[in-house]
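Note sheet for the following structure.
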2 protein chains.
Amino acid sequence: MWADKQQREPLSDASDGPRRRATIHDVAQLAGVSRQTVSRAVNDKGEIDPATKERVLEAARLLDYRPSRFARGLVRKGTVTAGLVIPDLMNPFFPEVAAGVLEAAEQRGWQVVVWDTRTDGVREREALDVLSHQADAVVGYFKNEDEVLARHIGGIPIVLLERGPQQTRFAAVGIDAAAGLEQGIAHLVRTGHRRIGMLDGDRIGAPGPRREAFLAEVRRHGLPVDESWIVLCSGGHSVASGETAMEQLLDKRPDMTAVFGFNDLIAVGAMRAARRRGRQVPDDLAVLGFDGLSLGELVEPALTTLHIDKRRLGRLAVEQVARLRAGEEPLSGAHAWVQPQLVVRDSA
Amino acid sequence: MWADKQQREPLSDASDGPRRRATIHDVAQLAGVSRQTVSRAVNDKGEIDPATKERVLEAARLLDYRPSRFARGLVRKGTVTAGLVIPDLMNPFFPEVAAGVLEAAEQRGWQVVVWDTRTDGVREREALDVLSHQADAVVGYFKNEDEVLARHIGGIPIVLLERGPQQTRFAAVGIDAAAGLEQGIAHLVRTGHRRIGMLDGDRIGAPGPRREAFLAEVRRHGLPVDESWIVLCSGGHSVASGETAMEQLLDKRPDMTAVFGFNDLIAVGAMRAARRRGRQVPDDLAVLGFDGLSLGELVEPALTTLHIDKRRLGRLAVEQVARLRAGEEPLSGAHAWVQPQLVVRDSA
DNA sequence: TTGTAGGCGTTATCAC
DNA sequence: GTGATAACGCCTACAA
């Protein structure tokens, strides 16, 4: 069986084109030692003569030898790779979540392979198809339904970001929208507003938790509510879509005195549109955001918002993964929730 | 030799704790077929009786079997993993570059594992230590010197972001700061400015290309230049550090009428500090940024800046990696450079 | 349609 | 100190 190996094409320089990568065997041959000895040299084990070690390393250098991560992974367990699926890296919210994930992963010695799905359901599935083969677990944002995810996740642990228990059967880490809106609407009411609109995010299917929480709170305060107070932002959660939606809402509800934006980007868009229409913020129209992007401090007037600890969200997700991997029960309820915090600035 | 395998602990449910992961062999045993047949079923090959296939898949499901990516990678070549090293995900510049990298990588069917070094040289090296083992190539931002990088990259291809040929011996993708500053300073001069300051980024060691280009252009126009016109932003390329630095510069050079910020974040900080000091922007003081973050359109006044196609930067980097891997010469000179584009808004 | 044999590149174990 | 041998888990080729 040794003979076989001898026969394999000897990694010649003669053949051009991207030639076969050197293996431990090639190095051993060139250095005139056994594969095991090469391994010892390369991995800095003791039990080896300094002279041979040097000779082996020289051979390795010559052949540009690098151990195969696959062969290594096969034999040494312990390399953990997590997949992170993000809908839109261009939205400042997600890099911050990602930073939290990366930070927690680094602490555990995990690697993270990142996918940007650009809010595309198809790409989401492709990401899962790959990650289910290449990663040990996945955390991320998905708009596909549980059932679809299940079909593509191939049995590896998955943690959904910003999904409540009632919205998924997978482990999840969520945002307590209800608690947030309670603070937010209370603030608007306290400052005298009775007619509050909302610029919702563009969710497919059922309305999301933010809208539901908004409706619940507005009702609780006995304020007018129906569909006429809400406009959906189509075309992404961006400033631009916020502007467009705000124009519509202003047309539908000229009597509105305050508006809640699905996120800060949309809220900023709302401010811009309102001012372009000649409405002063916050005097003629108060604007409340959701997310707490640092961007909000920079615009004028500075954005009042429900701030979320996005890094923590990411770290929590990694923690959930760790539990899943350990066979433990994932955190649930309040432990898997991040609480928004009202930050009052100038826009409301 | 078969017997050996038979003897291994039979993946019992009895033992608690995280039990050994099922292998193809376990599935074969449970389904009463050969490993090969399992492979056929799992990989959806033809040549298999639908009935056996179903039986095998059921067994696989039962055992929660998932093929080892290591064993697979060992035998099927072609999985490419690139490492992406970013200094600060919180700075909106980098997610956009990352998006470009991810996009190009996805098109090639590569995976990307991401590291955030938080501008820490030590973490940079750690990232390289891991990636040199786990990735097939690396692209990223590094402040460590070539020599240090070489020591940690372990021979795999590396592409440096925003380094010119004279700054590194590795393949690189840069920004043509000179071309950018030429437009920028010309604009300031055209609008009547003669006393222009700069808020430089906090580079260790030699001044970076942006400062050099700034100095060259200012000199070319015969304007006053010396160290008194430049302040270094310590503590990161952030709005806050820009504010602090601007205060200092304003103290040193109260006669200054325009300022160039190392990047948009710093420039925004400059605007804020200036206004706090009672200076109107752009009337009392013009501010020019560098990067072209979308953030710049949102602040007031909107930031005039040297816009960079950051996605393209990322895509280019991936292209460089591809060349390196193919054994081709990396792109150099203008082909590996991204050209800044002056975008005139209200701040200058 | 199914099974056998062998190799992918590495490390651990145990001799020498 | 060094080497032979046997895994690691999977897939391809070939045989039955």
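These numbers come from a predicted model, not from an experiment. A, B, ... follow the sequence lines: proteins, then strands. Residue 1 opens every chain.
- Side-chain nitrogen and oxygen atoms of A/Ser39 include none within less than 4.0 Å of the OP1 or OP2 phosphate oxygen of C/dT10.
- Using a 4.0 Å cut-off between charged nitrogen and carboxylate oxygen, B/Lys53 and B/Asp44 count as a salt-bridge pair.
- Within the nucleic acid shown, A/Arg69 has no heavy atom closer than 4.0 Å to any nucleic acid atom.
- B/Ser68 has no side-chain polar atom (N or O) that falls below the 4.0 Å cut-off from OP1 or OP2 of D/dC10.
- Closest to the B/Leu74 side chain, of the nucleotides D/dG3, D/dC10, D/dG9, is D/dG9.
- A straight line from CG of B/Asp44 to P of D/dC11 spans 12 Å, rounded to a whole angstrom.
- What separates NZ of B/Lys77 from P of D/dT12 is a distance of 12 Å, to the nearest Å.
- Of the inter-residue distances, the one linking A/Gln320 atom CD with A/Glu328 atom CD reads 10.5 Å to the nearest 0.5 angstrom.
- When distances are taken from the side chain of A/Ala71 to each of C/dT10, C/dG3, C/dT2, the shortest belongs to C/dT10.
- Contacts of B/Lys45 with the nucleic acid, taken as non-hydrogen atoms under 4.0 Å apart, involve only primed sugar atoms and P, OP1 or OP2.
- Between the side chains of B/Asp146 and B/Thr168, at least one donor N or O lies within less than 3.5 Å of an accepting N or O.
- Atom CZ of A/Arg35 and atom P of C/dA12 are 14 Å apart (whole Å).
- Nearest nucleotide to the A/Ser34 side chain, out of D/dG9, C/dG9, D/dG3: D/dG3.
- Side-chain proximity of A/Val75 to the nucleotides D/dG1, D/dA7, D/dA4 is greatest for D/dA7.
- When the P atom of C/dG9 is taken as reference, atom CG of A/Asn43 falls 17 Å away, rounded to whole Å.
- Regarding B/Arg55, its CZ atom lies at a distance of 15 Å from the P atom of C/dT1, rounded to whole Å.
- Proximity of B/Arg72 to the phosphate of D/dC11: a side-chain N or O atom is located under 4.0 Å from OP1 or OP2.
- Between A/Phe70 atom CZ and D/dC10 atom P the separation is 14 Å, expressed in whole Å.
- To the nearest 0.5 angstrom, B/Thr119 atom OG1 is 12.5 Å from B/Phe142 atom CZ.
- The phosphate of D/dG3 has OP1 or OP2 within less than 4.0 Å of a side-chain N or O from A/Thr37.
- Looking at heavy-atom distances under 4.0 Å, A/Arg40 makes contact with a base.
- Looking at the side chain of B/Thr23, the nearest of the listed nucleotides C/dT11, D/dC10, D/dA13 is D/dC10.
- Defined by atom type and a distance below 3.5 Å, a donor-acceptor pair is present between the side-chain atoms of A/Asn43 and A/Arg72.
- When the P atom of C/dC8 is taken as reference, atom CZ of A/Arg66 falls 19 Å away, rounded to whole Å.
- The residues A/Glu58 and A/Arg55 are annotated as not salt-bridged, no charged nitrogen and carboxylate oxygen being separated by less than 4.0 angstrom.
- Side chain of A/Gln36, nearest nucleotide from C/dA12, D/dT2, C/dC8: C/dA12.
- For the pair A/Asp49 CG and D/dG3 P, the interatomic distance rounds to 11 Å; values are reported in whole Å.
- Taking the side chain of B/Thr52 as heavy atoms from C-beta on, and the options C/dT1, C/dT13, C/dG3, the nearest nucleotide is C/dT1.
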